[in-house]
Amino acid sequence: MGTAAPPVDPVIPTARRRRFRVFGRNPVVGFIVRRVTAGLATLVVASFLIFAAVQVLPGDVASIVLGRNATPSRVAALQADLHLNRPLIPRYLVWLGNTATGHFGDSSAALAQGSKVSVWQIIHTPLRNSLVLAVITILIFVPLCLALGVAAALRAGRRTDHAISLTALSLGALPEFLVGTLLIVIFFTQLKLLPPISPITPGETPFTHPNALVLPVLTLLCASVAFGSRLVRASTIEVLREDYVAMARLNGYPERRVILRYALRNALAPSVQVCAQMVQYLIGGIIITESVFNYPGIGTAVVQAVSIRDTQETAVIAVILAAIYILVNIVADVVVVLLVPKLRTQV
Amino acid sequence: MPVLEVTNLQVHAPSGDPILEDVSFSLRAGEVLGLVGESGSGKTTTALALLGYTQAGARIVSGRISIGGELVEAKVEPLARRVRGRLISYVPQNPGTALNPSMRIGDAIGAMAETHRPDRPSPSIGAALAAVGLPDAPDFQRRYPHQLSGGQQQRVCISAAIVCEPPVVVFDEPTTGLDVVTQALILDELMRLRREREIAMLYVAHDLAVVAQIATRIAVMYAGRIVEEGPANQVLRRPRHPYTRGLLASIPDHIEPRILEPMAGVAVGIGERPAGCSFAPRCPMRIDACDQAVPMLRALGNGQLARCVRAEEVTTPPQRLIALDRSAPAEAAAALCVSNLRAEHRSRRETVVAADQVSFEIDKGRCLALVGESGSGKTTIARTIVGLHAIAAGEIRLGDEKLAPRARRRTRDQRRRVQIVFQNPGDALNPRQSVGTAIARPARGLRGLSATDAVAEVKRLLDLVRLPQRLLERYPAELSGGERQRVGIARALAANPEVVICDEVTSALDVSVQAAVLKLLSDLRHELDLALLFITHDLGVVAAVADRVLVLEHGHVCEAGPTDAILHHATNDYTKRLLAAAPSISHVLEHGH
């Protein structure tokens, strides 16, 4: 039966030469460079859309900003101040250049009142407060999501799984303002444990009143952990069904090792993408939650800016949020590439 | 002194129906027991039960398993886990999915050594890799599974299985997913390991021809029981059970091509076993005594055991060799003519040439086999002929009409005249269409039959492919693999085609079912004067069915000619390598291993 050919198996070729290779050695570095470039391009497009949207207000921007104080001379003066008499594209390019270098300009509403207040001065404190809230939430959210999702997957179909899923689905189904209000009712009205609104005054940091952080964080967690843990559960269940998990058991490895190194290690990549999606969702959800608790964050700031028609502040906040959104995407993609060896060598 | 002893192994399904009953056998050091059976026979369940592992909620109910004198607690899973790797290990069927994709292969093998022999010094990973014929360089050890070929992945799995030097290794169809040439290399490797290390091997397979290459003893399973066991030579030359005899008669052989004789009936599923002998409903030698009680597995001399009351009367299946006078040139016009075909796969980054300079002709009533390994381009060629893939250059002519590259651009009549049957009938049939609807569609759409005419036509076609009429309203999920493939064939015939392309139509089927489908295709070809393009990687099937053969290597035609010339007088090196590597029972019986 034997064959005369020497025992050599054909080796499958590694990544073929490509026409454009930015960093020849390490495909991961090349990937990062490409993603960041794409992200910047996306940000520029987003900024144009934001700028255009803010300019397209019904009626005359200057009149709306001035509101009841709109006399023709004041309107003309404001238009000159806001450079509204110049064409759109050059205005946009100037604005883009300024924003990209960190000169966020002056608040349009303040200009309308005759004073000069820089946008950065208005938003930097709320931005910091929101970041504190977001980071605390994410630090709890990621491990909690993974833990609950994996626990539900390991006991899929049994009571633990049903308990977790039921709680997750019911909490996730409720809108945030409802959850927030319910939490206030429980923890303040009934138990008198935590304050219903944040007593943070300008000049204080969120950490001067740590109690005030608890309810907003809880509210944000309720919605996002619910959804995120379901997705982590689904991807873990799928991985547990794979051949290599069965093979690990057949190789006699202890169950703990099988779960950690074979199942979870490979279920991480889809879970990372889930977490990234939730983080992006949080950026939006934060606005409503801050409203409920009157938390002085960026959400409250942007709502206020829109209601007083402060075009510059709104535009700047929108661009900053878009940049954060895109950054989260890039980080998630890079983490996934690092986690999945197959992508590392072919990307 | 047997190294492995199994006594009265019994495994039940979650519903309580028995999957395995009364399975007993033993293995000595250095022996290879080939466990042969078709799907549903319980061979995989047996192999896994030796490791104390069950699939999908099945339970090991009873049985005594001892390895090297040590009793294996197969019923209690955590206890059974202790012997895995140390006393008995497992080589999987599909190495690509069985290796952890995020673990380097050096680590994978090292983990086995560390877990199961923490007290003894671990063998170096390089030595473990060299033992199975892989390079021992550190670079290679740092590779991930997806950076290896199928054959290399399987060698890694074998290396992990033997690194702790267990006395028994279970091989679960390890070469099923590999090319014929790679399969031959792996089998060589296994025989070398057996000689050098005296490992007792349990080789599970559905392909008796592959088992014949390596086994010293063969055990045949049917419906959860061992129905025959004995030295390999004896079982192959002189089977003692009607089922074994039926199997041997339906296995194609490329060295001594013969007419295949399929067995009547279908295999029994779990929970449907008759009270007496499970094979009795299909057995040509059945008597009343067979239905009364399950026959015992009894010794017949020569080391052979058989579970049949009439074992002594079972004869060797006669070899009806096919008269190979197929070199007669055709006077009839060519039904399909392909000239200088070139097909490519284009992606954003590169263009891969799947086939180049391929030319052939098929006449009416003739069968051309397109033979090649995976990656040779044969499926791509099939898809271009049907119009599912655009050709980059060349010409396809149907009769004297030139066909447009895409099916969209062809006339309805042209589309009707060329039909295709796909490899995996489970994927090729719409799961939401009943059998009747699926077969009627081409008849109505391509031939323009009215609804009532179509119904009559479907009934005629079911008869033609030897399917019972009661399947008309069934859905594909309710049919067996063989039945689904026949539905696929009926659907192709519903268009009244002139050319039928069969793309590896029997690769996913059991051997006995394959024989029945091949016989059906042969009969239909003669009855309906069809031109058949038969695509396969199995040279035995080619011998059974084809008039002419075209051998493909990486998209190029190496050799073409009448079947007899190619099989027995091949001139091209690649063809000769394929022929030498393809397993054949007659070759083993003549020349030994």
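In what follows, chains are A, B, ... by sequence order, proteins preceding strands, each numbered from 1.
- When heavy atoms are compared at a cutoff of 4.5 Å, B:T97 approaches chain A by way of both its backbone and its side chain.
- Interface remark: B:L99 contributes backbone atoms only to the contact with chain A (heavy atom separation under 4.5 Å).
- Closest of all the heavy-atom pairs between B:L50 and B:V72 is O-CG1, 4.3 Å.
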Given A:F31 and A:D333, is the side-chain contact (heavy atoms from CB on, under 4.5 Å) satisfied, shown in steps? CA-CA 10 Å; A:F31 177 76; A:D333 282 348; 4.3 Å; yes

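- The candidate with the highest count of non-hydrogen atom pairs below 4.5 Å against chain A, out of B:R104, B:M103, B:R84, B:Q55, is B:R84.
- One N or O on the side chain of B:T216 and one on the backbone of B:V32 form a donor-acceptor pair closer than 3.5 Å.
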side-chain contact (heavy atoms from CB on, under 4.5 Å) evaluation trace for B:T175 with B:Q154: CA-CA 8 Å; B:T175 57; B:Q154 192 57 287; 5.9 Å; no

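- Chain B is approached within less than 4.5 Å, heavy atom to heavy atom, by A:D243, A:Y244, A:A246, A:M247, A:R249, A:L250, A:N251, A:G252, A:Y253, A:P254, A:E255, A:R257, A:V258, A:R261, A:Y262, A:R265, A:N266 from residues 240-274 of chain A, ordered by number.
- Annotation: maximal heavy-atom pairing with chain A below 4.5 Å, among B:H116, B:R86, B:K576, occurs at B:H116.
- Below 30°, between 30° and 60°, or above 60°: for B:H146 and B:Y144 the angle between ring planes is below 30°, a parallel geometry.
- Pairing each heavy atom of B:Q152 with each of B:L134, the nearest pair is CG-CD2, 3.9 Å.
- Interface check for chain A: of the options B:S102, B:S584, B:A161, the most heavy-atom pairs under 4.5 Å are formed by B:S102.
- Scanning all heavy atoms of the two residues, the minimum distance from B:I585 to B:A212 falls at CG1-CB, 4.2 Å.
- Side-chain atoms of B:D179 do not come within 3.5 Å of backbone N or O of B:V181 as any donor-acceptor pair.
- The local environment of CZ in A:F227 is sparse, with at most 12 non-hydrogen atoms from other residues, nucleotides or ligands closer than 6.0 Å.
- In this structure, the portions of B:Y90 lying under 4.5 Å from any heavy atom of chain A include both its backbone and its side chain.
- Between A:P341 and A:L339, the shortest heavy-atom distance links the atoms CD-O, 3.3 Å.
- With a 4.5 Å cut-off on non-hydrogen atoms, B:A111 touches chain A through its backbone and its side chain both.
- Residue contact with chain A, scored on non-hydrogen atoms closer than 4.5 Å, is absent for B:I88.
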